[in-house]
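By convention here, the first residue in the shown sequence is residue 1. These numbers were taken from a predicted model, which means no experiment stands behind them.
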Amino acid sequence: QIKGSHNIENALAALSLAFLAGGDTIKMAEALKAFAPVEHRIEPVKTIDGVTYYNDSKATNPEAANKAIATFPHIILIAGGDDKNTPLDEFYALVNERVDNLILVGDATKRFKEEALKHNYPEDKIYEAGYSMQEAVNYAHKIAKAPQVVLLSPACASFDMYEGYEAAEAFYKKDVHWGASIRNSVVFWKPFLLDSKKYTHLEFVGTEYEPDKKRSDYNKAYNPSGT
C-alpha cells in the first residue's frame, strides 16, 4: 500500500532484520501487505474523479520532496512555504520530468518560480496561490485530470503560514475534502492564529454562497480566544 522506491528500500531493510532475527516469512509478508501509509508521508487523502490527492507535508526540504515526486509520472505539485534557500537543481530536474503543473505558495514563491524558469519549466504551467492553501487546492481541483495525482510536497518549511507542517496539512486535507463536495459554495473556516500570520489549526464552521463576495472575506482570522 505504501508508495515510493525509498519505502521499498525501507521495507527490505525491515524484512532483512526480521529474517535475521528468525521471523516467520509468511507472517512478515502478511504484515507488509497490511502496512498502511503513515500520516504526512505520501499519505492518500481522497480520490476525486480518478485523481488521488496525496499529503507529503513532512517533505520540508527538496531532497525529501524528490522522493515523492519520483514516485508518480504525472503530478500536479503544490510546493513552497518558508524557503530554506536550498539548491533546487535536482528538484527541478524531477519537476521537469514528472510535474504537469506547479502550484506555488508562501514566501518561497518568488525564488521557486525564478528557479523553475531558469530550469526551463514552462511559465504557463505555474500557478501562484499566495498564502492560501485553499487557493492552491482550488487550482488543483480545476486542472487535475486522471491519471494525474495532486501532491502536496512543499520542499520547504511551513513557518511563513503555519505553526508547523501538521497545521499546513490540516488545511490541505480539509480543503481537499470540502472543496470536492461543495464546488459552488465558499467554505467558511475559523482559523486560529499563533500570531499575525501563522495558523495553528482550524475549525469548519459552515458554507454559504454569495457570488459577489470575495473568498478572502470568508477566510477571516480569529485569535484562539475567539474575540
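- No side-chain heavy atom of Q148 sits under 4.5 Å from any side-chain heavy atom of I75.
- Side-chain contact between H119 and V95: absent, with no pair of heavy atoms (C-beta onward) separated by less than 4.5 Å.
- Considering every non-hydrogen atom in both K125 and D100, the closest pair reads CD-O, 3.1 Å.
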Practice task
Let me see the working for R41 and D56 under side chain to side chain contact (heavy atoms under 4.5 Å, CB included), right down to the final yes or no.
Solution key: CA-CA 4 Å; R41 299 170 178 86; D56 193 50; 4.2 Å; yes
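- Taking each heavy atom of C156 and D82 in turn, the nearest pair found is CB-O, 3.5 Å.
- K3 NZ: 12 or fewer foreign heavy atoms inside a 6.0 Å radius.
- Listed for the D160 side chain is a donor-acceptor partner under 3.5 Å among the backbone atoms of D107.
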Problem - salt bridge (Lys or Arg N to Asp or Glu O under 4.0 Å) evaluation trace for K118 with E114 - result: CA-CA 6 Å; K118 175 184 172 183; E114 289 173 350; over 6 Å; no
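- Nearest heavy atoms, N55 versus E169: ND2-OE1, 2.9 Å.
- Side chains of H177 and Y53: no donor on one and acceptor on the other come within 3.5 Å.
- Criterion: ILVMFWY side-chain heavy atoms under 4.5 Å apart, direct or through other members. Under it, Y131 and L104 are not part of a common hydrophobic cluster.
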Handout entry: Working for side chain to side chain contact (heavy atoms under 4.5 Å, CB included), residues H141 and V137
Key = CA-CA 6 Å; H141 281 321; V137 172; 3.4 Å; yes
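- Follow the hydrophobic side-chain contacts under 4.5 Å out from F171 and you reach I78 in the same cluster.
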Handout entry: E123 and K113: CA distance, side-chain angles, deciding distance, side chain to side chain contact (heavy atoms under 4.5 Å, CB included) verdict
Key = CA-CA 8 Å; E123 186 171 8; K113 184 175 182 179; 3.7 Å; yes
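- Atom NZ of K84 is surrounded by more than 12 heavy atoms from other residues, nucleotides or ligands within 6.0 Å.
- In this structure, I76 is not a member of the same hydrophobic cluster as V149, with clusters built from ILVMFWY side-chain heavy atoms closer than 4.5 Å.
- The two atoms that bring Y172 and V45 nearest to each other are CE2-CG2, 4.1 Å, heavy atoms only.
- Among the candidates L152, V176, N138, the single residue satisfying the side-chain contact (heavy atoms from CB on, under 4.5 Å) test with M133 is L152.
- When side chains are defined from C-beta on, K67 does not count as touching T71, because their heavy atoms never get closer than 4.5 Å.
- Two residues are said to be in side-chain contact when any heavy atoms from C-beta on lie closer than 4.5 Å; K173 and K46 fail this criterion.
- The side-chain heavy atoms of N101 and Y139, taken from C-beta on, include no pair separated by under 4.5 Å.
- Closest heavy-atom contact between A11 and L32: CB-CD1, 3.7 Å.
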Exercise for the section: List the steps and the verdict of side chain to side chain contact (heavy atoms under 4.5 Å, CB included) for E90 and L94. Expected result: CA-CA 6 Å; E90 292 184 15; L94 276 171; over 6 Å; no
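- Looking only at side-chain heavy atoms (C-beta outward), F91 and I69 come within less than 4.5 Å of each other.
- Separating the OG1 atom in T52 from the CD1 atom in I42 is a distance of 13.0 Å, to the nearest 0.5 Å.
- Of the possible polar contacts, none joining the Y165 side chain to the P154 backbone as a donor-acceptor pair under 3.5 Å is found.
- Side-chain atoms of D175 come within 3.5 Å of backbone N or O of Q134 as a donor-acceptor pair.
- In this structure, E63 places its CD atom where more than 12 heavy-atom neighbours from other residues, nucleotides or ligands lie under 6.0 Å away.
- Hydrophobic clustering of Ile, Leu, Val, Met, Phe, Trp and Tyr side chains at less than 4.5 Å, counting indirect connections, keeps I48 apart from F72.
- Taking hydrophobic clusters as Ile, Leu, Val, Met, Phe, Trp and Tyr residues chained together by side-chain heavy-atom distances below 4.5 Å, L12 does not share a cluster with M28.
- Below 30°, between 30° and 60°, or above 60°: for Y92 and F112 the angle between ring planes is above 60°, a perpendicular geometry.
- Of the inter-residue distances, the one linking M161 atom CE with S132 atom OG reads 6.5 Å to the nearest 0.5 angstrom.
- When all heavy atoms of A136 and I103 are compared, the pair lying nearest together is O-CD1, 3.6 Å.
- The number of heavy-atom neighbours closer than 6.0 Å to CG of L17, taken from other residues, nucleotides and ligands shown, is above 12.
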